[in-house]
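Atoms within a ligand are numbered from 1 in the order they appear, just like the ligands themselves. Every heavy atom of this structure was used, including side-chain atoms; hydrogens, water molecules and symmetry mates were not.
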Amino acid sequence: MRTSRIPGFYNMTVEERRALVAKMYGLSGEEKNDLFSAEPLPVGTADKMIENVVGSFPLPLGLGLNFLINGKEYAIPMAIEEPSVVASASYIAKIVREAGGFTTEATDRLMIGQIQVVGCPDIYAAKDAILKEKQALIEDANAAYPSMVARGGGAEDLEVRILNEESGSAFSQMLVLHLYVNTCDAMGANIINTMVESLAPIVEQLTDGKVYLRILSNYADRCLARARCVIPPELLADENYTGEEVRDGVVHAYEFAASDPYRAVTHNKGIMNGIDPVVIATGNDWRAVEAGAHAYAVRHGSYGSMTTWYVDHEGNLVGELELPMSVGTVGGSINVHPISKLAHKILGVESAQELAQIIVSVGLAQNLGALKALVTDGIQKGHMALHSRSVAIAAGATGEMIDIIAEKLVDVKEIRVGKAKELVEEYIK
Ligand SMILES: CC(C)(COP(=O)([O-])OP(=O)([O-])OC[C@H]1O[C@@H](n2cnc3c(N)ncnc32)[C@H](O)[C@@H]1OP(=O)([O-])[O-])[C@@H](O)C(=O)NCCC(=O)NCCSC(=O)C[C@@](C)(O)CC(=O)[O-]
Ligand SMILES: NC(=O)C1=CN([C@@H]2O[C@H](COP(=O)(O)OP(=O)(O)OC[C@H]3O[C@@H](n4cnc5c(N)ncnc54)[C@H](OP(=O)(O)O)[C@@H]3O)[C@@H](O)[C@H]2O)C=CC1
């Protein structure tokens, strides 16, 4: 059986790690070439993906290890430029697996398409007219994209809202139609946009109004994924702190984020530290996920923590994260970018729902990693020690000099480029 528990993976050379991954995941010759290539995204492919291409922008790709989610092992590809994130996710996943792993669930994958109608002579009659034709409109939407119905998805429901009902302004009063679409394993933006654009002429006829916007909503609050972990305090202890101290510190840190947007934004940035790298590595649209996540964090009226941490009756630390997660395992650039194809193979996911649940688990792990560091030694100790290698490179260190300079920076407790430059000059002399 495949395991994601590979102690000391980080002490191997890159070549050793690559050989192990190739063996574990049975990569073909072509897949190995893609993963190990100096040009992982061929410029010819890049030139077909976006416009005005002059090159590509590589990011380090690491594996988040130790993840046990609903009893299944996952090594999780993460594409990110920031040091200590992959280490931290793996660290917390190691603790959580000892407590039985993450448990997760997901709602149905209903994405929302919006149609904006303005200038209706009678906005209430317009709303009634649409609702009267609801079933026909759903069928029309499905006729615009029949393959989704064939695979068990497609448009399922429709609602109508009136915005700025009391406003006297013809600009601000409008009717907004929401089309709810099960996009199966796709994120679904293009699918939905095709559907809502096809409905626009009929909606204009029914309402006697003018349709302007016809577009997906990135507030995917009917496409949610949830992750949970329950950790006995003894698993949180280290040589300097008791498990209870760490546990209580994490809950205090959560309460701070729950009560103060200045803290919540940083707390949530820490969660997105885990989420974005998986979204990026799997070829998904991280702007969509970011936008939806932050909007969801304000659903109770003020911006707050995306996660919840509390102590249960047995004294365990309990963490929960629920977020809109509009990701896919097909569509967009997922099967175009060679590395994203490999990321899906390494993950071994079978559906978009499963991928969404993995992503929120990494977000929850990452949040605890940051909070555990913050409530004990502080973030600088673990993070800056790993960041010291980037500082050494920025100061001009190359080859074996990088680790030597990085270690010296940690020893003198001055992890900054100016100091690194001094050390590089000394080394070269
Ligand atoms: C960095 C650690 C994990 C060290 O923590 P440590 O206690 O020194 O780790 P350890 O040596 O005991 O190792 C434990 C496990 O961690 C992993 N691990 C340990 N080291 C490595 C490594 N080099 N490379 C890969 N994996 C590593 C690895 O899985 C290892 O298990 P093993 O495999 O040995 O059995 C810890 O200090 C930590 O989690 N720090 C937090 C880091 C963090 O959050 N970074 C994000 C950047 S800061 C930020 O942007 C967000 C923030 C903080 O502002 C958010 C907020 O305010 O809420
Ligand atoms: N606001 C936003 O966020 C916007 C985002 N976008 C972009 O849209 C892209 C995502 O759109 P999306 O519609 O997902 O991508 P696609 O247009 O690539 O649609 C997904 C395709 O996958 C095929 N497919 C194969 N198997 C499945 C399956 N099991 N479930 C679902 N579809 C399947 C379908 O083709 P078939 O049915 O023919 O087999 C479908 O056409 C992203 O690149 C995103 O950046 C675009 C506009 C706005």
Please tabulate, for side-chain N and O atoms in residues 359-371, each donor-acceptor pair with protein atoms closer than 3.5 Å (sequence neighbours left out).
| residue | atom | partner | partner atom | Å |
| --- | --- | --- | --- | --- |
| Ser361 | OG | Gln357 | O | 2.8 |
| Gln366 | NE2 | Val85 | O | 3.4 |
| Asn367 | OD1 | Thr307 | OG1 | 2.8 |
| Asn367 | OD1 | Trp309 | NE1 | 2.8 |
| Asn367 | ND2 | His267 | NE2 | 3.4 |

Less than 4.0 Å from some atom of ligand 1, heavy atoms are found in residues Arg5, Pro7, Gly8, Tyr10, Asn66, Glu82, Ser84, Val85, Ala87, Ser88, Ser90, Tyr91, Lys94, Arg263, Thr266, His267, Lys269, Gly270, Asn273, Gly369, Ala370, Ala373, Leu374, Ile379, Gly382, His383, Leu386
Below 3.5 Å, can you tabulate the donor-acceptor pairs from side chains in residues 380-404 to any protein atom, sequence neighbours excluded?
| residue | atom | partner | partner atom | Å |
| --- | --- | --- | --- | --- |
| His383 | ND1 | Pro83 | O | 3.3 |
| His383 | ND1 | Ser84 | OG | 2.7 |
| Ser388 | OG | Ala385 | O | 2.5 |

Nearest protein heavy-atom contact for atom 41 (O) of ligand 2: which residue, which atom, what distance?
Tyr145 OH, 2.5 Å
Please identify which atoms of ligand 2 are closer than 4.0 Å to at least one heavy atom of Ala186.
14 (O), 20 (C), 30 (N), 31 (C), 32 (N)
Please compare Ala291, Ser147, Ala352, Ala189 and report which has the shortest non-hydrogen distance to atom 7 (C) of ligand 2.
Ala189
Just jot down the ligand 2 atoms closer than 4.0 angstrom to any heavy atom of Asp285, in number order.
3 (O), 5 (C), 44 (C), 45 (O)
For Tyr91 and Lys372, test the side chains for any donor-to-acceptor distance below 3.5 angstrom and give the result as yes or no.
yes
Lys210 to Tyr212 six-membered ring, cation-pi geometry met (6.0 Å, 45°):
yes
Check this for me - ligand 2, Ala288, N or O atoms closer than 3.5 angstrom, yes or no?
no
Using a strict 4.0 Å cut-off to heavy atoms of Gly332, name the atoms of ligand 2 that fall inside it.
15 (O), 16 (P), 18 (O), 43 (O)
Could you tell me the separation between the CZ atom of Arg247 and the CD atom of Glu234, rounded to the nearest 0.5 Å?
10.0 Å
Would a distance-only check, ignoring hydrogens and angles, find a side-chain to backbone donor-acceptor pair under 3.5 Å from Glu204 to Ala200?
no
Could you tell me the residue and atom name of the protein heavy atom closest to atom 30 (N) of ligand 2, and the distance to it rounded to 0.1 Å?
Asp185 N, 3.0 Å
Please name the residue in the list Ser326, Ser217, Pro324 that meets the side-chain contact (heavy atoms from CB on, under 4.5 Å) test with Met111.
Ser326
Region of Leu216 engaging ligand 2 - heavy atom pairs below 4.0 Å
side chain
min-distance protein heavy atom vs atom 21 (C) of ligand 2 -> Gly331 CA, 4.3 Å
Specify the closest pair of heavy atoms between Leu35 and Val21, including all atoms of both residues, with the distance to one decimal.
CD2-CG1, 4.5 Å
Side-chain atoms of residues 218-226: list all donor-acceptor pairs with protein atoms under 3.5 Å, sequence neighbours left out, distances to 0.1 Å.
| residue | atom | partner | partner atom | Å |
| --- | --- | --- | --- | --- |
| Arg222 | NH2 | Glu159 | OE2 | 3.4 |
| Arg226 | NE | Glu322 | OE1 | 2.4 |
| Arg226 | NH1 | Glu105 | OE2 | 2.7 |
| Arg226 | NH2 | Glu322 | OE1 | 3.4 |

Compare every heavy atom of Gly243 with every heavy atom of Ala237, then report the nearest pair and how far apart it is.
CB-N, 3.5 Å
In terms of heavy-atom contacts, Arg17 and Tyr10 come closest through NH2-O, 2.9 Å
Compare Asn193, Ile215, Val327 and give the one whose heavy atom is closest to atom 47 (C) of ligand 2.
Asn193
Evaluate the side chain to side chain contact (heavy atoms under 4.5 Å, CB included) criterion for residues Thr282 and Ser340: first the C-alpha distance (whole Å), next the side-chain angles of each, then the deciding distance (0.1 Å), finally the verdict.
CA-CA 5 Å; Thr282 55; Ser340 109; 5.7 Å; no
Heavy-atom contacts with Asn218 under 4.0 Å: which atoms of ligand 2 show up? List them by number with element.
1 (N), 2 (C), 3 (O)
Protein residue, atom and distance nearest to atom 14 (O) of ligand 2, heavy-atom basis
Gly188 N, 2.6 Å
Is there any N or O on Met148 that sits under 3.5 Å from an N or O of ligand 2?
no
Output the list of atoms in ligand 2 that are nearer than 4.0 Å to some heavy atom of Asn190, sorted by atom number.
8 (O), 9 (C), 11 (O), 12 (P), 13 (O), 15 (O), 16 (P), 17 (O), 46 (C)
Look at the side chain of Glu39 and the backbone N and O of Val43, then say whether any donor-acceptor pair between them is shorter than 3.5 Å.
yes
Atoms of ligand 2, numbered as shown, that sit under 4.0 Å from any heavy atom of Thr183:
30 (N), 31 (C)
To which of Met111, Arg151, Met187 does the heavy atom nearest atom 26 (N) of ligand 2 belong?
Arg151
Examine the side chains of Asn66 and Arg97 and answer whether a donor and an acceptor come within less than 3.5 Å of each other.
no
Please work out, at 4.0 Å between heavy atoms, whether the side chain, the backbone, both, or neither of Val330 comes within that distance of ligand 2.
side chain
